[in-house]
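Below is one structure, written out as structure tokens; comments come after it.
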Amino acid sequence: MTNKKKPKVYITRRLPDVVETRMRELFDAELNIDDTPRSQPELVAAVKRVDVLVPTLTDRIDAALIEQAGPQLKLIASFSNGVDHIDIDAAARHGITVTNTPNVLTEDTADMTMALILAVPRRLIEGANILTDPRGDWAGWSPTWMLGRRISGKRIGIVGMGRIGTAVARRAKAFGLSIHYHNRKRVSAETEEKLEATYWDSLDQMLARVDIVSVNCPSTPATFHLLSARRLALMQPTSYIVNTARGSIVDETALIKCLREGKIAGAGLDVFENEPAVNPKLVKLATEGKVVLLPHMSSATLEGRIDMGDKVVINIRTFFDGHRPPDRVLPGRV
């Protein structure tokens with residue numbers, strides 16, 4: 001690329017300094033210094049003039065936007081693992097290649113999933129809040145105070161046994177949980193044997209028999225409200241649900257109803273159906289100790305973000321060197 005004109009790259013959000021520095025070294029990169037989310041008109045103006053768009057999962061790259069792109073836009077190199085914010089088919093119709101940053105957030109997301117699996121039944125947030133309560137009403141240890149539920153010996157049902165789901169299963173097994181899973185395809189016999197995992201081809205049947213449900217599948221039209229009101233009603237009143245995937249996979253209104261009526265014991269949520277808005281009813285349930293809420297931070301480690309940036313750089317360089325980017329997303333595969 002040294003003797004070629006640097007591609008003009010538009011980055012929609014603030015990235016780690018080391019990533020932005022590398023971008024400026026290699027490309028004619030336009031940064032978002034103040035990290036203000038770009039509006040749709042700003043995105044339209046960008047795609048009319050740049051060669052590469054680097055969006056994040058909060059940017060809506062739909063068909064209407066793509067249709068307004070200039071002929072010079074040839075690559076959308078998303079700074080994200082998921083690509084549900086991009087109309088892949090529309091991009092393909094306009095001759096635009098789409099890439100993502102897979103396989104770098106697996107361990108970070110699995111760590112946070114496990115943290116929520118521990119935090120909800122063991123009432124960690126409630127306990128921590130008591131010590132910072134200005135009323136200072138903690139009277140000391142008591143045999144029957146702040147009782148939670150034991151993790152070891154329980155059954156976890158993993159919805160989506162891809163890389164992240166498998167990483168969650170490894171952690172859960174180490175904590176003494178029995179592994180159950182539902183997936184479009186059964187994992188290898190070797191993986192099942194290592195994890196001592198039980199496969200359920202029926203999601204309904206699995207939900208009715210596990211103590212903790214971990215949502216780890218991708219967001220696609222097929223998984224929208226996969227955990228519907230009907231399916232949530234199948235869960236045991238002593239069970240918990242943890243979601244670090246996408247908010248749209250769980251029917252949030254139905255989940256709130258189940259939690260309020262005691263049909264589910266608790267929930268740990270890092271994602272929400274209408275992000276960044278969080279349903280006030282969920283916030284109220286959090287104050288009552290029924291849910292643990294996190295601000296979409298399961299993948300938020302410096303190491304993970306730098307790894308993502310490295311993948312974006314590699315995808316852009318590979319594309320403009322005339323080769324197929326390693327993380328190309330093909331239409332019809334999402």
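Values reported hereafter were calculated over all heavy atoms of this structure, with side chains retained and with hydrogens, waters and symmetry mates removed. Positions are given from 1 along the sequence. Nothing here was measured: the structure is a model prediction, and the numbers come from that model.
A donor-acceptor distance shorter than 3.5 angstrom exists from the side chain of Arg171 to the backbone of Ala167, with no hydrogens or angles considered. Side-chain atoms of Asp321 never come within 3.5 Å of backbone atoms of His323 as a donor-acceptor pair (strictly under, hydrogens ignored). Judged by distance alone, the side chain of Arg123 and the main-chain N or O of Leu147 form a donor-acceptor pair under 3.5 Å. Although no hydrogens or angles enter the test, the distance criterion places a donor-acceptor pair under 3.5 Å between the side chain of Lys154 and the main chain of Arg150. Formation of a donor-acceptor pair under 3.5 Å by the Thr191 side chain with backbone atoms of Val187 is not found in this model. Within the 3.5 Å criterion, the main-chain N or O of Gln205 finds a donor-acceptor partner in the side chain of Arg209. Under the 3.5 Å distance criterion, the side-chain polar atoms of Asn183 are left unmatched by any main-chain donor or acceptor of Arg186. Side chain of Gln68 to main chain of Ala64: a donor-acceptor pair is present (N/O by atom type, distance under 3.5 Å, no hydrogens or angles). Between the Gln72 side chain and the Val50 main chain, a donor and an acceptor come within less than 3.5 Å of each other. Of the possible polar contacts, none joining the His225 side chain to the Ile249 backbone as a donor-acceptor pair under 3.5 Å is found.
Within 6.0 Å of the CH2 atom in Trp138, the count of heavy atoms belonging to other residues, nucleotides or ligands does not exceed 12. In Glu193, the CD atom is not crowded: 12 or fewer heavy atoms of neighbouring residues, nucleotides or ligands sit closer than 6.0 Å. In this structure, Arg230 places its CZ atom where more than 12 heavy-atom neighbours from other residues, nucleotides or ligands lie under 6.0 Å away. Under a cut-off of 6.0 angstrom, the local environment of CD in Glu190 is sparse, with at most 12 non-hydrogen atoms contributed by other residues, nucleotides or ligands. Counting non-hydrogen atoms of other residues, nucleotides and ligands closer than 6.0 Å to CZ of Arg24 gives a total of 12 or fewer.
Here the shortest heavy-atom pairing between Leu31 and Arg38 reads O-NH2, 4.0 Å. Nearest heavy-atom pair across Pro16 and Ile306 is CB-CG1, 4.1 Å. In terms of heavy atoms, Pro7 sits closest to Val52 at CB-CG2, 4.5 Å. When every heavy atom of Asn216 is checked against every heavy atom of Gly160, the shortest pair comes out as CB-O, 3.6 Å. Looking at every heavy atom in both residues, Leu259 comes nearest to Ala265 through CD2-C, 4.5 Å. Pairing each heavy atom of Lys284 with each of Thr287, the nearest pair is O-OG1, 2.5 Å.
Among the candidates Ile117, Val213, Asp270, the single residue satisfying the side-chain contact (heavy atoms from CB on, under 4.5 Å) test with Val242 is Ile117. Screening Asp59, Asp35, Thr36 against Arg13 for a side chain to side chain donor-acceptor pair (under 3.5 Å) leaves a single residue, Asp35. Ile76 pairs with exactly one of Val54, Ile96, Asn100, Ile88 by the side-chain contact (heavy atoms from CB on, under 4.5 Å) rule, that one being Ile96.
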Step by step, would you call Met235 with Lys263 a side-chain contact (heavy atoms from CB on, under 4.5 Å)? CA-CA 8 Å; Met235 293 175 59; Lys263 295 178 179 178; over 6 Å; no
Step by step, work out the side-chain contact (heavy atoms from CB on, under 4.5 Å) result for Thr220 and Asp84. CA-CA 7 Å; Thr220 69; Asp84 46 298; over 6 Å; no
Could you go through Glu252 and Lys281, starting from their C-alpha distance and side-chain angles, then the distance that decides it, and tell me whether this counts as salt bridge (Lys or Arg N to Asp or Glu O under 4.0 Å)? CA-CA 10 Å; Glu252 201 168 271; Lys281 293 179 180 179; over 6 Å; no
Could you walk me through whether His85 and Ser80 pass the side-chain contact (heavy atoms from CB on, under 4.5 Å) test, one step at a time? CA-CA 10 Å; His85 57 298; Ser80 65; 3.2 Å; yes
Could you check Val159 against Leu226 for side-chain contact (heavy atoms from CB on, under 4.5 Å), going step by step and ending with a plain yes or no? CA-CA 10 Å; Val159 182; Leu226 180 67; 3.8 Å; yes
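Val215 is connected to Ile264 through a chain of hydrophobic side-chain contacts under 4.5 Å among Ile, Leu, Val, Met, Phe, Trp and Tyr, so both are in one cluster. Cluster annotation: Val18 and Leu105 are assigned to the same hydrophobic cluster (Ile/Leu/Val/Met/Phe/Trp/Tyr, side-chain heavy-atom contacts under 4.5 Å, transitive). Hydrophobic cluster membership differs between Val283 and Val292, with clusters built from Ile, Leu, Val, Met, Phe, Trp and Tyr side chains linked at under 4.5 angstrom.
The OG atom of Ser248 lies 9.5 Å from the CD atom of Glu275; values are rounded to the nearest 0.5 Å. Note that CG of Leu53 and NZ of Lys8 are 13.5 Å apart. Values are rounded to the nearest 0.5 Å. Residue Leu15 holds its CG atom at 9.0 Å from CG of Asn32, rounded to the nearest 0.5 Å. Separation of atoms OH (Tyr10) and CD (Glu30) is listed at 5.5 Å; rounding is to 0.5 Å. Once rounded to the nearest 0.5 Å, the distance linking CD1 of Ile156 with CE of Met114 reads 6.5 Å. Between the CD1 atom in Ile164 and the OG1 atom in Thr244 there is a gap of 6.5 Å [rounded to 0.5 Å].
Side-chain atoms of Arg328 and Phe319, non-hydrogen and from C-beta on, never get closer than 4.5 Å to each other. Side-chain contact between Ser78 and Ile86 is present, with at least one heavy-atom pair separated by less than 4.5 Å. You'll find the side chain of Met112 reaches within 4.5 Å of the side chain of Leu294, heavy atoms only. The shortest distance between side-chain heavy atoms of Met161 and Lys185 does not fall below 4.5 Å. By the 4.5 Å heavy-atom criterion applied to side chains, Leu282 and Phe272 are counted as neighbours. Side-chain contact check for Lys74 versus Thr97: every heavy-atom pair is 4.5 Å or farther apart. Between Ile151 and Leu118, some side-chain heavy-atom pair lies under the 4.5 Å cut-off. Using a 4.5 Å heavy-atom cutoff, the side chains of Asn274 and Asn279 are not in contact.
The closest side-chain donor-acceptor pair between Asn315 and Asp327 falls under 3.5 angstrom.
Ionic pairing of Glu273 and Arg246 is not present here: no N-O contact between side-chain nitrogen and carboxylate oxygen is shorter than 4.0 angstrom.
Between Tyr181 and Tyr199, the ring planes are tilted. Angles from 30° to 60° get that label.
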